Amino acid sequence: MFDFQFLKVEEPQEGITLLKISAPKSLNALNSTILKELDTFVNHIGTGTRVLIITGDGEKSFVAGADISEMAHLNEQEGYAFGQLGDRVFRQIELLPIPVIAAVNGFALGGGCELAMACDIRICSNNAKFGQPEVGLGITPGFSGTVRLPRLIGQGMAKEMIYTGKVIRADEALRIGLVNAVYEREELLDKALELAAKMVVNAPLAIRACKQSINEGCDLTMDEAIELENKLFASCFATQDQKEGMAAFLGKRKAAFTGK
């Protein structure tokens, strides 16, 4: 595997990869180097990974935002390139064919909130804080924040958060549907691993098809989305996993899926 400067990669359980963003001096703020390392990681993630968990290193921050000390000196063209880099990396995370869980362990502001939103599922610790405070810096959200936030929590709530730049606590994030669950900080990673373990035992090709159906179907008409789902449903019957899953059910035993 690669020798990253700002990423820590662990495999706490078979089929599960834990990725920690580790830049403690800046509360894990995203600079160009971290984004490029994320790009490399996502493009070379091993086939043995069935579920990816992303979290921040340390006790205070998931990702405190993008690195303002770097952004302060950018001109328009450089700002475009920086935004494009973040957009591309987060979109690659969103399109990974495996489930991605954000375990938000503190500040998730700006780019941190945007990284969490690119994941399939968000859970957080009770000290987590979310926000898109970019307008207070004279800029818009730059890594697809204005795109994903309204899709997740609705336009009205998203516009209020973005226009005011307000920061919300974990309980409010749960109330508006930005996160799925809130846990004590000490148990967050254990809960993320428990959730991932429930996914790992299921058929990986079926999960991949489910993710594609949900992600793509949201941008289609109802009839188009139903047709997409039916094609993906049918494709499962060409897999060994479908044969194994149904044989195991009928034989009253645990299925052993191989992803084939």
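Numbers here are sequence positions counted from 1. These numbers were taken from a predicted model, which means no experiment stands behind them. Side chains are part of it too, since the values below use all heavy atoms of this structure and drop only hydrogens, waters and symmetry mates.
Put simply, the side chain of Asn126 never gets that close to the backbone of Ala170: no donor and acceptor are under 3.5 Å apart. Judged by distance alone, the side chain of Asp120 and the main-chain N or O of Ile101 form no donor-acceptor pair under 3.5 Å. At distances below 3.5 Å, at least one donor-acceptor pair connects side-chain atoms of Thr55 with backbone N or O atoms of Ala103. Judged purely by atom type and a 3.5 angstrom limit, Asn180 has no side-chain atom pairing as donor or acceptor with the backbone of Ile121. Asp241 places a side-chain N or O within 3.5 Å of a backbone atom of Thr258 that can act as its donor or acceptor partner. Counting only distance, with no hydrogens or angles, the side chain of Gln92 and the backbone of Asn43 share no donor-acceptor pair below 3.5 Å. For the pair Lys211 (side chain) and Leu96 (backbone), a donor-acceptor distance under 3.5 Å is present. Formation of a donor-acceptor pair under 3.5 Å by the Asp39 side chain with backbone atoms of Val89 is not found in this model. With hydrogens and angles ignored, the 3.5 Å screen pairs a side-chain donor or acceptor of Ser235 with a backbone N or O of Leu232.
With a 4.5 Å cut-off on side-chain heavy atoms, Leu188 and Arg185 do not count as touching. When side chains are defined from C-beta on, Val63 does not count as touching Ile34, because their heavy atoms never get closer than 4.5 Å. Between Thr40 and Phe4 the shortest side-chain heavy-atom distance falls below 4.5 Å. Under the 4.5 Å side-chain criterion, counting only non-hydrogen atoms from C-beta, Ile53 is not in contact with Leu195. Side-chain contact check for Glu224 versus Leu228: every heavy-atom pair is 4.5 Å or farther apart. The shortest distance between side-chain heavy atoms of Met117 and Gln132 falls below 4.5 Å. Residues Ile207 and Pro99 have side chains in contact (heavy-atom distance under 4.5 Å, counting atoms from C-beta outward).
Taking both residues in full, the closest heavy atoms of Ser144 and Asp87 are given as OG-OD1, 2.9 Å, listed atom of the first, atom of the second, then distance. Gly106 and Ser125 make their closest contact through N-OG, 3.8 Å (heavy atoms, listed as atom of the first residue, atom of the second, distance). For the pair Asn202 and Phe257, the tightest heavy-atom approach, listed with the atom from each and the gap, is C-CD1, 3.6 Å. When every heavy atom of Phe82 is checked against every heavy atom of Asn31, the shortest pair comes out as CE1-C, 4.2 Å. Of all heavy-atom pairs between Ser26 and Ala64, the closest is O-CB, 4.2 Å. Nearest heavy-atom pair, Phe62 versus Gly112, reported as atom, atom and distance to 0.1 Å: CE2-O, 3.4 Å.
Annotation for Lys243: atom NZ counts as buried by contact number, over 12 foreign heavy atoms lying within 6.0 Å. Heavy atoms of other residues, nucleotides or ligands lying less than 6.0 angstrom from CZ of Arg151 number 12 at most. Within a 6.0 Å radius of CD in Glu14, other residues, nucleotides and ligands contribute 12 heavy atoms or fewer. Within 6.0 Å of the CD atom in Glu187, the count of heavy atoms belonging to other residues, nucleotides or ligands exceeds 12.
Residue Leu149 holds its CG atom at 7.0 Å from CD1 of Ile176, rounded to the nearest 0.5 Å. Rounding to the nearest 0.5 angstrom, the gap separating the CZ atom in Phe41 from the CG atom in Leu19 is 4.5 Å. If you take OG1 on Thr33 and CG on Leu38, they are separated by 11.0 Å, rounding to the nearest 0.5 Å. With rounding to the nearest 0.5 Å, the separation of CZ in Phe90 from CG in Leu85 is 9.0 Å. Leu178 CG to Cys124 SG: the interatomic distance, rounded to the nearest 0.5 Å, is 8.5 Å. Expressed to the nearest 0.5 Å, how far CG of Asp57 lies from CG of Leu27 amounts to 11.5 Å.
Residues meeting the ring pair (Phe, Tyr, Trp, His ring centres under 6.0 Å) test with Tyr163, sequence neighbours left out: none.
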Margin query: Quick one, Ile45 with Leu52, criterion side chain to side chain contact (heavy atoms under 4.5 Å, CB included). Give me CA distance, side-chain angles, the key distance, then yes/no.
Written below: CA-CA 9 Å; Ile45 192 167; Leu52 172 63; 4.2 Å; yes
Notebook entry, point to check: When you look at Tyr183 and Ile123, which way does the side chain to side chain contact (heavy atoms under 4.5 Å, CB included) test go after all the steps?
Noted result: CA-CA 8 Å; Tyr183 300 105; Ile123 62 175; 4.1 Å; yes
Check: Does the side chain to side chain contact (heavy atoms under 4.5 Å, CB included) test come out yes or no for Thr140 and Val135, once each step is laid out?
Finding: CA-CA 6 Å; Thr140 70; Val135 292; over 6 Å; no
Notebook entry, point to check: Between Ile153 and Met161, is a side chain to side chain contact (heavy atoms under 4.5 Å, CB included) present by the stated rule, with each step listed?
Noted result: CA-CA 10 Å; Ile153 66 172; Met161 283 185 65; 3.8 Å; yes
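The pair Lys191-Glu184 does not count as a salt bridge, with every side-chain nitrogen at least 4.0 angstrom from each carboxylate oxygen. One finds a salt bridge joining Glu94 and Arg91 here, because a Lys/Arg side-chain nitrogen approaches an Asp/Glu carboxylate oxygen to under 4.0 Å. We find that Glu160 and Lys166 are joined by a salt bridge, their nearest charged nitrogen and carboxylate oxygen being less than 4.0 Å apart.
Side-chain contact check for Thr221 and Asp223: no donor-acceptor pair (N or O, by modelled atom type) lies under 3.5 Å. Using modelled atom types, one finds no donor on one side chain facing an acceptor on the other under 3.5 Å when comparing Thr239 with Gln242. With hydrogens and angles left out, the side-chain atoms of Glu70 and Ser32 include a donor and acceptor closer than 3.5 Å.
The hydrophobic cluster containing Phe233 does not contain Ile214, counting ILVMFWY residues as joined when their side-chain heavy atoms lie under 4.5 angstrom apart, directly or transitively. Under a hydrophobic clustering in which Ile, Leu, Val, Met, Phe, Trp and Tyr are joined whenever their side-chain heavy atoms come within less than 4.5 Å, directly or via other members, Leu115 and Ile68 fall into the same cluster. Cluster membership for Val167 and Ile139, using ILVMFWY side-chain heavy atoms within less than 4.5 angstrom, is not shared. No chain of hydrophobic side-chain contacts below 4.5 Å, direct or via other Ile, Leu, Val, Met, Phe, Trp or Tyr residues, connects Ile162 to Leu109. Note on Met157 and Val179: same hydrophobic cluster, where clusters join Ile, Leu, Val, Met, Phe, Trp and Tyr whose side-chain heavy atoms are under 4.5 Å apart, directly or indirectly.
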